[in-house]
Amino acid sequence: MTDLTQWLQQQAVTPALQQLILALAEAGKDIAALIAQGGLQGVTEKSSTINVQGETQMQVDIQSHALAMDHITESQVVAGVVSEEAEQAIWLATADAPYLVCMDPLDGSSNLAINGVVGSIFSILPAQAMQEDTAFLQPGAQQIAAAYVMYGPATLLVLTVGRGSHVFTLDPALRKFQLTAADLSIAPDTSEFAINASNQRYWQPAVQRYVAECVAGLAGPRGRDFNMRWCASMVMDVHRILSRGGVFLYPRDHKQPAKAGRLRLLYEANPMSLLVTQAGGASITGETDVLALVPTHIHQRVPVMLGAKQEIDLIAHYHQQSQA
Ligand code: AFP
C-alpha cells in the first residue's frame, strides 16, 4: 500500500507543501484521539463561550483548534491562519512562509453529543505580501490544496493537491494514512439529495421547485424516485457524495435574511467545493460558482449547492429562470 508520505513524493509536491499536509494529517490523528474519549473527557460538553458565529463553542472545538494550531505552527511553512474558532486571523512568526490555512477544526461538533460523525476541514492558500485579513480574501480557485479528516468508524483523510481527490485511511496499528481510494469520481446524475427540509418554507423558488420535483418521484417531472439524507455534518454529507454520488444543498433562505446562508466560504464551502469539482462534480451558490467568489470577509457565509454536475446544472438553470 502507498502511504501519505510516499504519495506526496510521487505527486512531486514541494517539500513545504508536503510538510504542511503531513502536519494537518498529524493534527487529524490527535483530534481523532481526543474525540474518541467522548464523555470520559467531557468531549460532549458545551463551554460557556460563544464563537464569532454566535454559536456556543464546545470545549472540544477549542481543544481541536489548539491541536491543529500546534501542528500548523510546528510545520514552519504557514504565515497565517483563519479558524472558525478565532474571530481574528492568527499571524505566525514565520512571516515569510509560503502558505495560509483556513480551517474548521471540528465541523459538525454538535453531533458529538450523540456520538455522531464529525470532521476537520482545511483549505491551503498561497501567502500574500501583507499580513492583513485581505490576504485571505482569495477566490477558492486559488486554493493550492484542500482536505478534510473524517472521524467515523475509520479515520479518513480526503485530499486534493489539484490533481484529483483521493482517500487515505488511518491504519490504527501503524499510525499511518494509507491510500485506499484514488481519483474519486462523482456520477453526473443522481437520485439522492441532502438538505435540511425543516427550512423548506424559507427557501427561494428555485430550490422549492428542485426539491418538490425530487419528492414528486416517479409520477413527477423527474420520472424517478429520489432518496433523501441529512447528517447535519457537512463532512459526512460530502463524503457520501464523493463516495456514491448525490447533491448537497444548504441554500440561501430568508429565515435570517441577513445571513446569506449557514456555511462559511473560506473554511467550509471553498475546500469542499475544490474536493468535489476535482472529482468531476460542481458547486454553486445559486448565482455563481463557489470557487469564483471573491470573499468579502474572513467569516463570510454563503449558500452552497454541490455534487452531481447534471443536478447542479439543473438547479442553476432553475435559479436563472426564477431571476429572469
Ligand atoms: P456545527 O458545527 O455547529 O454542528 O454545524 C455543522 C454545519 O456547519 C455543517 O457541518 C452542517 O452541514 C450544517 O451545519 C448543519 O446545519 P443544520 O443544523 O441547520 O442542519
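Computed over heavy atoms, backbone and side chain alike; hydrogens, waters and symmetry mates excluded. All residue numbers in this chain count up from 1 along the given sequence.
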[X] to [Y] - nearest heavy-atom pair and separation:
{"X": "Ala269", "Y": "Ser273", "value": "O-OG, 2.6 Å"}
{"X": "Thr190", "Y": "Gly246", "value": "OG1-CA, 3.2 Å"}
{"X": "Pro271", "Y": "Ile121", "value": "CG-CG2, 3.5 Å"}
{"X": "Asp104", "Y": "Glu268", "value": "OD2-OE2, 3.3 Å"}
{"X": "Ala27", "Y": "Ala68", "value": "CB-CA, 3.9 Å"}
{"X": "Glu192", "Y": "Phe226", "value": "N-CD2, 3.9 Å"}

Taking the side chain as every heavy atom from C-beta outward, state whether [X] and [Y] have any pair of such atoms under 4.5 Å apart.
{"X": "Met103", "Y": "His65", "result": "yes"}
{"X": "Ile312", "Y": "Ser283", "result": "no"}
{"X": "Leu24", "Y": "Leu159", "result": "no"}
{"X": "Val235", "Y": "Val118", "result": "no"}
{"X": "Ile195", "Y": "Tyr210", "result": "no"}
{"X": "Leu20", "Y": "Pro98", "result": "no"}
{"X": "Val158", "Y": "Val238", "result": "no"}
{"X": "Thr94", "Y": "Val77", "result": "no"}

Who are the salt bridge (Lys or Arg N to Asp or Glu O under 4.0 Å) partners of [X], not counting sequence neighbours?
{"X": "Asp3", "value": "Lys176"}
{"X": "Arg209", "value": "Glu213"}
{"X": "Glu311", "value": "Arg222, Arg224"}

Side chain to side chain contact (heavy atoms under 4.5 Å, CB included) partners of Ala292, counting only residues at least two apart
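Only Thr288, Asp289 meet the side chain to side chain contact (heavy atoms under 4.5 Å, CB included) criterion with Ala292.
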For Gln278, what residues pass the side chain to side chain contact (heavy atoms under 4.5 Å, CB included) criterion, not counting sequence neighbours?
Thr160, Ser165, Leu274
Those residues that, when tested against Trp203, pass ring pair (Phe, Tyr, Trp, His ring centres under 6.0 Å) (two or more places apart)
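Result, ring pair (Phe, Tyr, Trp, His ring centres under 6.0 Å) vs Trp203: none returned.
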Treating Ile, Leu, Val, Met, Phe, Trp and Tyr as nodes and any side-chain heavy-atom pair under 4.5 angstrom as an edge, say whether [X] and [Y] lie in one connected cluster.
{"X": "Phe248", "Y": "Leu291", "result": "no"}
{"X": "Leu179", "Y": "Met1", "result": "no"}
{"X": "Val60", "Y": "Met69", "result": "yes"}
{"X": "Leu4", "Y": "Ile72", "result": "yes"}
{"X": "Leu263", "Y": "Tyr202", "result": "no"}

Would you say the ring centroid of Phe193 lies under 6.0 angstrom from that of Trp230?
no
Determine whether the side chains of Ser123 and Asn270 contain a donor N or O and an acceptor N or O closer than 3.5 Å.
no
Mark yes or no for whether [X], through its side chain, and [Y], through its backbone, hold a donor-acceptor pair below 3.5 Å.
{"X": "Arg301", "Y": "Arg262", "value": "yes"}
{"X": "Asn111", "Y": "Ala232", "value": "yes"}
{"X": "Gln128", "Y": "Pro126", "value": "yes"}
{"X": "Gln18", "Y": "Val13", "value": "yes"}
{"X": "Asp225", "Y": "Leu218", "value": "yes"}
{"X": "His299", "Y": "Glu87", "value": "yes"}

Drop me the distance from [X]'s [atom1] to [Y]'s [atom2], to the nearest 0.5 angstrom.
{"X": "Leu100", "Y": "Gln143", "atom1": "CG", "atom2": "CD", "answer": "11.5 Å"}
{"X": "Ile35", "Y": "Gln63", "atom1": "CD1", "atom2": "CD", "answer": "11.0 Å"}
{"X": "Thr5", "Y": "Phe168", "atom1": "OG1", "atom2": "CZ", "answer": "9.5 Å"}
{"X": "Lys29", "Y": "Glu26", "atom1": "NZ", "atom2": "CD", "answer": "3.5 Å"}
{"X": "Leu17", "Y": "Leu22", "atom1": "CG", "atom2": "CG", "answer": "9.5 Å"}
{"X": "Glu84", "Y": "Ser120", "atom1": "CD", "atom2": "OG", "answer": "11.0 Å"}

Inspect the surroundings of CG in Asn115 and state if more than 12 heavy atoms from other residues, nucleotides or ligands are less than 6.0 Å away.
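No, the 6.0 Å shell around CG holds no more than 12 heavy atoms from other groups.
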Is there a side-chain contact (heavy atoms from CB on, under 4.5 Å) between Leu34 and Leu67? Walk through the geometry before answering.
CA-CA 10 Å; Leu34 169 68; Leu67 286 169; 4.1 Å; yes
Decide side-chain contact (heavy atoms from CB on, under 4.5 Å) for Thr2 and Gln178; before the verdict, give the C-alpha distance in whole Å, the side-chain angles of both, and the deciding distance to 0.1 Å.
CA-CA 6 Å; Thr2 303; Gln178 304 280 16; 5.8 Å; no
Aromatic plane relationship, Phe136 with Trp91 - under 30° parallel, 30 to 60° tilted, over 60° perpendicular:
tilted
Could you go through the side-chain contact (heavy atoms from CB on, under 4.5 Å) check for Val290 and Leu306 one step at a time?
CA-CA 9 Å; Val290 167; Leu306 57 77; over 6 Å; no
Kindly determine whether Tyr267 and Asp107 satisfy side-chain contact (heavy atoms from CB on, under 4.5 Å), including the steps that lead there.
CA-CA 10 Å; Tyr267 40 82; Asp107 181 70; over 6 Å; no
